[in-house]
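Working notes for the structure below.
Computed from a predicted model, the values in this text were never measured in an experiment. Whatever order the structure lists ligands and atoms in, that order sets their numbers, starting from 1.
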Amino acid sequence: MAIAAHPGDALFTMGATLANHIHNGGEGVFVNLSLGERGHPTIPTDTYGQMQRIATEDAARLLGAETEFLTYQDAEIPADQDAALAVCDLIRKHKPSIAITHWKGSWHKDHRNTYLVVQDAIFYADLRSLPRALPAHPPPDLYYADNWEDADNYRPDTFLDTSAVHEKWLEACALFPMWRGETGLIRYNDYYRSLAVMRGCLASFNYAVALMSEPEQRVKKVQTLDSRKRFL
Ligand SMILES: [Zn+2]
């Protein structure tokens, strides 16, 4: 489950990870807290929001993923109880074993709030004594996406080979005006395409995404530090 503030974040920074999971026989769902409808300098927000929704649905179809949309306004995503419960309900509905979202070290308010919403949503989804329409679901493994807007203290520890889905992921991203350079000066296409190459270089894959694990996931519980004996 990819949980993003805006559709561009979902596809550009989490899409290859989802596509790879689906390619390996898993399922995937893109959850967008807003449509990112304020992201175009000239197209009216209603029209652009619809374009973003259609692009997300088309991209998800291409990658074999599902979509979910919450109805928060772009730039006004709240870190509140209602948002946490809405995402909690989607976690209980889709039962993900893995979730990927924004890292908190972001200059973007919507991204920071999405991080907070996801923390609480995972807690609520697991809380059996919290009555909702669907039963509780245990916490998924949580990863943070490699997003240029969320770069403060971002320290990736996992490199995922996305070579098998790279071309399909690029095709899905190209459905978005933002990817094609129609919304401003940031060259999303060049940046994220190059990032896949650069992360691949570090990991000895053709293409890769870098992910940052939830800190407590990095704790190892071992009976010896000798890796040769650890699994005897
Ligand atoms: Zn965003």
Tell me whether the guanidinium CZ or amine NZ of R132 lies under 6.0 angstrom from the six-membered ring centre of Y124 and within 45° of its axis. no
How about H111: does one of its N, O or S atoms come closer than 2.8 Å to the Zn ion (ligand 1)? yes
Parallel, tilted or perpendicular: ring planes of Y115 versus Y144, cut at 30 and 60 degrees: tilted
Taking both backbone and side-chain atoms into account, decide whether D9 has an N/O/S atom under 2.8 Å from the Zn ion (ligand 1). yes
Measuring to the Zn ion (ligand 1), does H6 have an N/O/S atom at a distance below 2.8 Å? yes
Does this structure show an ion pair linking E76 with R38, if we count only N-O contacts that are shorter than 4.0 Å? yes
In terms of side-chain heavy atoms, does N206 have a donor or acceptor partner in H166 at a distance below 3.5 Å? no
